[in-house]
Amino acid sequence: MDHVTGVDGASGESGMRTHYCGVLRAADAGSRVSVCGWVARRREHGEHLAFLDVRDHTGIVQCVVERAHEIRPEYVVRVTGTVRIRPDGTANQQLATGEIEIGDCDVETLATCEPVPFSLDERAETEEPLRLRYRYVDMRTERMQANLRLRAVVNSAIRRSMERQGFVEIETPLLWTPTPEGAREFVVPSRLQHGRFYALPQSPQIAKQLTMIGGFDRYYQIARCLRDEDLRADRQFEFTQLDVEASFVGQDEILGFVTEAMVDAADAATGVRPGGFARMTWAEALDSYGTDKPDLRFGMELADLTAVLAGTGFNALHAPTVKAIVLAGGASLPRARLDGLVERAKALGAKGLVWMRAAGDPVTLDSPVTKFLSEAELTGIVRAARVAAGDLVLIVADEHRRACEVLGQLRLDLGRPPSVGGALRFCWLVDFPLFDGTDEEGNPQAAHHPFTMPYPEDLERLDTDPFSVRAQSYDLVLNGWELGSGSIRIHRPELQRRIFAALGISEADAESRFGFLLDAYRYGGPPHGGFAVGLDRFVAILAGEENIREVIAFPKTQSGSDPMTGGPLPLDPKRLAELGVRVVETAPAVPPPPPRSTGAG
RNA sequence: GGACCUGUGGUGCAGCCUGGAGUGCACGCUGGCCUGUCAAGCCGGAGGUCGCGGGUUCAAAUCCCGUCAGGUCCGCCA
């Protein structure tokens, strides 16, 4: 990583420091320098010698002083002294600055610090709520510094990439109009119009489509989105996405734009341009990986045994689809573990799970159920699933989707590599179904969103077999995480009306919900499509983190609280009255605000 | 809305199953010693509502019920 070798006026420091701590080297020996930072550690050796390790975001430098008893860890100091080579035998190889130290020091305390509530040592684990409550302290750790700076690098690279590709950044409103579709929205009461509400955008979806009609044929935005849905390791109320929309282009061009941005960003983050964006249809992903977000970092693909077992007399394996995965070397798993896998499969919705241990040459299968299968069926399984001696075969027979999905999950349980430090395996998924499931009234539901363009050749089945209609929509998957999704949009009002009808949205409904959008398409809407990439997830993967909170400066807990500020908080009646809002049911117990003192010994 | 896991000096843990004095480990904090350390070392000290409430029991950190907080997941996330 490049380091600034000095600090000039551009830093706005007015000469408080000449260098960052982590950049000093043997070549600087003899220089008179000033560094500013936090005391990472203090080592006292009696009355006449002490060491202060001073830290800033670039690293640590050792300062040698006569006495430092009054200077405690995490004090903010400015040290002015002379860089010198350390005495023979005292260099520290672990430290980038380990060949030198700052001697002849004048130490100025800029701020004191109470004992911090948890260790900043990288080796110490601290419970997350405590880190979040004192996030400003937590941020000083190497981990948080690296993660948030990585995020800035990614944002910056994405902006450059999109601009180079001719995209224009346009800001869209945070105060938008409520739309009763999709994710639950955060709502903002209008002070000037009591009883009316804005909604915070779950995404700038409609706004960006309007910019297409407005003639900005390549729009992008690094946009905050807000969804009032339950939180997860990969979901916060607020998140950031790279939002893209372009006119007069097809699916391949849009995938190309996004691929370019991802490659540029990954390059900036890691120094390597990732290649090999896999591409498969939604149906292929389900068939081979049992999921619509396949993790391509490892094999263990699903084998299809349906044909092999088509005529089986063994009822447990008689089903529309029979699928298997093979765990290499898994034949040695203890029986208790196998029983656990069966339970897991049942918990995932399968009727059962058949396991078989493979041994010998030629390979034979051993299992409590082999006696119900013919020789031909057993050799068929070995051949179809490419079973080798020592392997464990796991078989699920069920409806197609369930069989695939259960084994897809078991594949992850048994084979998924750790998130840290591995390869980046991107994968485009295309040809999603237009509809997925039905609502309470039995109407098909849009798999992506109601403005998604179907394949023209599938349209004839819209009324007769809607679930077979494919959409021109696509997902980007990275290492098994859904990074984003997009589609070609419907730009012709008459087709949009047909889709609304198929979704069970009446003309009057469509008018009241999306009237302004339908109006807009009467005034020259070009063919267009777009995409959105979840940047919190992308940065988390690049950082080797399992949780997006680690790449967010001030995240919320799973219950939507902020341990630092205590929010959300009740509003006093005066402000509620001003907004024309009455609280009908107060929360049962508002916890008291966190105590002010650290209570540290 | 639901399932599971966690909650013990400032921090991270052990103790809980099988009830018997707040018992232990490491770090931190604090006082002292120490002139080349670097997670410094050595000696001493302080620091506890065992998340909270109730129950069982002669006796509860430990068993039971409830509750709160945090986490992981299901539902939810067009």
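Predicted, not measured: the structure shown is a model, and the values here were computed from it. Here is how names work: the chains are called A, B, and so on, in the same order as the sequence lines, proteins then strands, and each is numbered from 1.
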Close approaches to RNA chain B from residues 551-559 of chain A, in residue order (heavy atom, under 4.0 Å): T557(A), Q558(A), S559(A)
Rounded interatomic separation in angstrom, taking CG from D234(A) and P from C74(B): 9 Å
Ion pair check, R143(A) and E122(A), cut-off under 4.0 Å: no
Any N/O donor-acceptor pair, R235(A) side-chain to C76(B) base, under 3.5 Å: yes
Spacing of F118(A) atom CZ relative to G9(B) atom P, expressed in whole Å: 17 Å
Distances under 3.5 Å only, N/O to N/O: pair up the protein atoms with those of nucleotides 12-16 of chain B.
unit_1, atom_1, unit_2, atom_2, d
G12(B), OP1, E127(A), N, 2.9

Distance test, side-chain N/O of R67(A) to OP1/OP2 of U35(B), below 4.0 Å: no
Distance below 4.0 Å between N92(A) side-chain N/O and G36(B) OP1 or OP2: no
Between C29(B) (P) and L120(A) (CG): distance, integer Å: 11 Å
d(CG, D53(A); P, C38(B)) in whole Å: 11 Å
Pair R492(A) + E494(A), salt bridge at N-O below 4.0 Å: yes
Under-3.5 Å donor-acceptor pair between R43(A) side chain and C34(B) base: no
Base of U37(B) paired with side chain of R42(A) (donor-acceptor, under 3.5 Å): no
Counter-base of A26(B), judged by Watson-Crick or G-U geometry with both distances under 3.5 Å: U11(B)
Polar side-chain contact E44(A)-G41(B) base: donor and acceptor under 3.5 Å: no
Would you give me the side-chain donor-acceptor pairs under 3.5 Å for residues 202-209 of chain A, sequence neighbours excluded?
unit_1, atom_1, unit_2, atom_2, d
Q202(A), OE1, A183(A), N, 3.2
Q202(A), NE2, E181(A), O, 3.2
Q202(A), NE2, A183(A), O, 3.3
S203(A), OG, Q205(A), N, 3.2
Q205(A), NE2, Q209(A), OE1, 2.6
Q205(A), NE2, H449(A), NE2, 3.2
K208(A), NZ, D243(A), OD1, 2.8
K208(A), NZ, V244(A), O, 3.1
K208(A), NZ, F531(A), O, 3.2
Q209(A), NE2, Y521(A), OH, 2.8

For U62(B), the Watson-Crick or wobble partner whose two distances fall under 3.5 Å: none
Spacing of E545(A) atom CD relative to U72(B) atom P, expressed in whole Å: 12 Å
